[in-house]
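As a basis for the values below, the full set of heavy atoms in this structure was taken, side chains included, without hydrogen atoms, waters or symmetry mates.
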Amino acid sequence: MSSVDGGDDVPWDDVGFVISSRYRVSVLERLSEGPATPTQIATDSESAVAHVSRALQELRDRSLVELLVPEQRRKGRVYGITDDAENIWHVIQTQQMA
């Protein structure tokens, strides 16, 4: 993605997917500030951990967030935002969609 503001190469399907859930929006917003665990995200966004976990899984399925620790780890799972998601978050903020 070269020009995020240009409109031609913006992944609108992914943008629409993110903004259709306030939980996905809050998870991306929190992760745009830096890596975090589901509990940290839930606390920071004042959401239930179950909602955050579901949003993380949905975002992971689209390669918008990534697990930064080994898959088999059950406690202390740290997630980060991908480059694609950084671009999508930029579009959401620039277009004032969140």
When rounded to the nearest 0.5 angstrom, what is the spacing between CD in Glu58 and OH in Tyr23? 11.5 Å
Any donor-acceptor pair under 3.5 Å linking the side-chain atoms of Asp44 with those of Gln40? no
Distance check, rounded to the nearest 0.5 Å: Glu86 atom CD versus Ile81 atom CD1? 4.5 Å
What's the separation between atom CG in Asp13 and atom CD1 in Ile88, rounded to the nearest 0.5 Å? 9.0 Å
Please check if atom CD in Glu33 has more than 12 non-hydrogen atoms from other residues, nucleotides or ligands closer than 6.0 Å. yes
Contact check, side chains of Tyr79 and Pro35, non-hydrogen atoms, under 4.5 Å: no
Any luck finding a side-chain donor-acceptor pair between Ser26 and Arg22 under 3.5 Å? no
For Glu66, which of Val78, Thr82, Leu59 qualifies under side chain to side chain contact (heavy atoms under 4.5 Å, CB included)? Thr82
Separation of Leu56 CG from Leu64 CG (nearest 0.5 Å): 11.0 Å
Please say which of Ile19, Ile41, Val18 ends up in a side chain to side chain contact (heavy atoms under 4.5 Å, CB included) with Leu28. Val18
Backbone N/O of Glu29 and side chain of Ser32: donor-acceptor pair under 3.5 Å: yes
Modelled atom types, side-chain donor and acceptor of Thr37 and Thr39, under 3.5 Å: no
